2 protein chains.
Amino acid sequence: MTVSSANPRTPNPKPKAAAARDQILTHAARMMRARGYADMSLRELAAEVGMKAGSLYYHFPSKEALATDVMRLGVEIVSDAVQAGLEDAPDLPPRARMARAMQIHLETLLSASDFSSAHIRCYPFVPLTVQSELKSVRKKYDKIWSALIEQHLGPKATPTDIRYLRYAIIGALNWSLEWFDPAHDDAAVYVTSVADRLLRESP
Amino acid sequence: MTVSSANPRTPNPKPKAAAARDQILTHAARMMRARGYADMSLRELAAEVGMKAGSLYYHFPSKEALATDVMRLGVEIVSDAVQAGLEDAPDLPPRARMARAMQIHLETLLSASDFSSAHIRCYPFVPLTVQSELKSVRKKYDKIWSALIEQHLGPKATPTDIRYLRYAIIGALNWSLEWFDPAHDDAAVYVTSVADRLLRESP
DNA sequence: GTCTATAATATGATAGAC
DNA sequence: GTCTATCATATTATAGAC
C-alpha cells in the first residue's frame, strides 16, 4: 500500500506524480523524525528522492503543507489500524478490547514508525497553522480511546478518570519511541506488562 | 536559587557574568522548549536578554554548548530533587518511596518545566555531540529509578521487568508535558491515579 | 514534471574596538 | 563584558525554460 493510497484526499492522481509524491512523503517522514521540522532541508530531501528543490513545489505548495501531510498520515495509520482491529473482534469484553488496542497502537507505531514518530516528536515545534490542521485527526483518535476507557472503567468513572488513564496509556506507549530497540525488545511483552498493570480493577 | 548556583561546574564566577549567564540559560530554555533546538535563534535569544548576538560567545563557546547546559540542568534539577526527597524520608517502604519519587518527578517537571521540557522534547534532535555529553547525567537518573523499582518488585524481578516498569512510569509522567494545564489539572491527582495502577502487586 | 537561476532573508560564528 | 561589522553559508520559495 502506498502512502498516498492511504490518503483519501488525493483522488485519482496521475501515476507518476503519485509515485513521486509517495517517495517525497516517505523521505520527509524519515528526515522529520530524525532531525525535526526546522532542520528538515528541502534541498536535501529533494536530493534523496532524486530531484532538485524547486521540483518539490509541483507536489506540495509549501514545507508546512508537506509536514502536515506527513504528520496526518502518522495519526491516521495508527488510528485506522486500531479501529479496524477493534471492528474485527466485536465481541471481546472491554478489558480485552483495550489490550488489543494497546497492542495495535504500539505495533503500528513501531512499524510505521517514521510517520508516527515525526508526528509525536515534531508536534510541539511545528507552526501553529500545521497544529490547527491536525487537530481534527488527533481528536478523532482520542475519541476512540475515550470510548474504550469509558466502557472499561464503567459508569462510575468521571471524565477526569477517563482522561488521566488515556494519558497514562498513551504516554507509556509513545515513550517507546525513545528507547525501543527491535534487536532487544519485544513489543508484545512490553504491552502485556503495561496492560497487566494499567488495566487491573481498582482495589 | 539561580540556575548557575545549581551547576557545580561553575565555581566562583564573577557576579555580573553569572547573572547574565543565568538570564541566557533561562531564556534559552524557554525558547528551546517552545521552538526546538534548530529553531532557537541566537540573535533573538540575545535580544531577549538585552544584548547582541556576538556577546553570547563571551558566556558560551557555541550554540551546542549552550544547549548542553540547558538540557543538563533539565535532568539535574529533577534528579537532585528526587534524590533529596528520598533521603528526607529514609524509612518509607519501597512502594511509598516510588510514589514519592513519582510525585517529585512530576512536580519538578511541571515547575522547572522549561529546562526539563527542553531536554525531553529536544533530545532526539540535538547534535550527537550534545547527546553524548548528556549520557552520564541521564544514566545517573535512570539508576535512581532502577534501584527503586528493584526494591519494589523484589528479587524475582528480571532486568527486563525493571526496565519496562521504568519506561512505563517515566513515559506516563513525561507525557504530561504535552497535555498538563495548571488551570484544569492537578499533578497530585494524576500521580496518585498512575501510581495506584502501576504500583500494585502482581496478580 | 523537472530543471536552472535567483530573490530575499536568516543563520552561527569570529575579530577587534571600546 | 558588550558592541559593531562581517564572513561564509544556509534557508524557503518563485519564475520561467524545456
Side-chain angles (χ1 to χ4, degrees), chain A residues 2-4 10 12-28 31-32 34-71 118 122 125-130 133, chain B residues 2-4 10 12-28 31-32 34-71 118 122 125-130 133:
Chain A
T2 64
V3 286
S4 65
T10 313
N12 303 324
K14 305 246 186 325
K16 184 168 180 184
R21 215 187 115 94
D22 275 13
Q23 275 246 319
I24 295 169
L25 284 168
T26 303
H27 283 81
M31 207 156 165
M32 277 185 71
R35 302 170 39 172
Y37 173 77
D39 203 36
M40 167 173 70
S41 154
L42 298 188
R43 272 173 174 73
E44 284 187 53
L45 173 60
E48 280 185 16
V49 304
M51 31 169 92
K52 301 293 179 174
S55 311
L56 295 175
Y57 288 83
Y58 174 81
H59 302 279
F60 299 92
S62 67
K63 185 181 182 178
E64 295 191 10
L66 168 56
T68 304
D69 280 1
V70 166
M71 295 171 75
C122 297
F125 301 138
V126 117
L128 288 176
T129 55
V130 176
E133 292 224 54
Chain B
T2 65
V3 286
S4 64
T10 313
N12 303 324
K14 305 246 184 325
K16 186 169 181 184
R21 215 187 116 93
D22 274 13
Q23 275 244 320
I24 295 169
L25 284 168
T26 303
H27 283 81
M31 207 156 165
M32 278 185 71
R35 300 170 39 173
Y37 173 76
D39 203 35
M40 167 173 70
S41 154
L42 298 188
R43 275 173 172 73
E44 282 187 53
L45 173 60
E48 279 185 17
V49 305
M51 31 170 92
K52 301 294 177 173
S55 311
L56 294 174
Y57 287 82
Y58 175 81
H59 301 280
F60 299 91
S62 67
K63 185 182 182 179
E64 295 190 9
L66 169 57
T68 303
D69 280 1
V70 166
M71 293 171 76
C122 297
F125 301 137
V126 117
L128 288 177
T129 56
V130 176
E133 292 224 54

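In the text below, chain A, chain B and the rest are named by the order of the sequence lines, each starting its count at 1. Computed from a prediction, not measured in an experiment: that's the story for all the values here.
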Please give, in whole Å, the distance from [N] [atom2] to [X] [atom1]?
{"X": "A/K52", "N": "C/dA5", "atom1": "NZ", "atom2": "P", "value": "10 Å"}
{"X": "A/R21", "N": "C/dT2", "atom1": "CZ", "atom2": "P", "value": "13 Å"}
{"X": "A/Y58", "N": "C/dT4", "atom1": "OH", "atom2": "P", "value": "18 Å"}
{"X": "A/L56", "N": "C/dT2", "atom1": "CG", "atom2": "P", "value": "10 Å"}
{"X": "B/E44", "N": "C/dT11", "atom1": "CD", "atom2": "C1'", "value": "11 Å"}
{"X": "A/M40", "N": "D/dA10", "atom1": "CE", "atom2": "C1'", "value": "16 Å"}
{"X": "B/M51", "N": "D/dT4", "atom1": "CE", "atom2": "C1'", "value": "15 Å"}

Where protein sits on nucleotides 13-18 of chain D, one letter per nucleotide: B base, S sugar-phosphate only, - none, heavy atoms under 4.0 Å: BB----
Under the side chain to side chain contact (heavy atoms under 4.5 Å, CB included) rule, collect the residues that match up with [X], sequence neighbours excluded.
{"X": "B/Y57", "result": "B/L42"}
{"X": "B/A34", "result": "none"}
{"X": "B/A67", "result": "B/M32, B/Y37"}

Phosphate OP1/OP2 of D/dC3 contacted by B/S55 side-chain N/O (<4.0 Å):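 For D/dC3, OP1/OP2 do have a side-chain N/O of B/S55 under 4.0 Å.
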Shortest non-hydrogen separation from A/L45 to A/I24 and the atoms involved: CD1-O, 3.9 Å
Residues forming a salt bridge (Lys or Arg N to Asp or Glu O under 4.0 Å) with B/E48, sequence neighbours excluded: B/R30
side-chain hydrogen bond (donor to acceptor under 3.5 Å, both in side chains) against A/T129, all qualifying residues, sequence neighbours excluded: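 Testing A/T129 for side-chain hydrogen bond (donor to acceptor under 3.5 Å, both in side chains), a comparison that skips the adjacent residues, returns A/E64.
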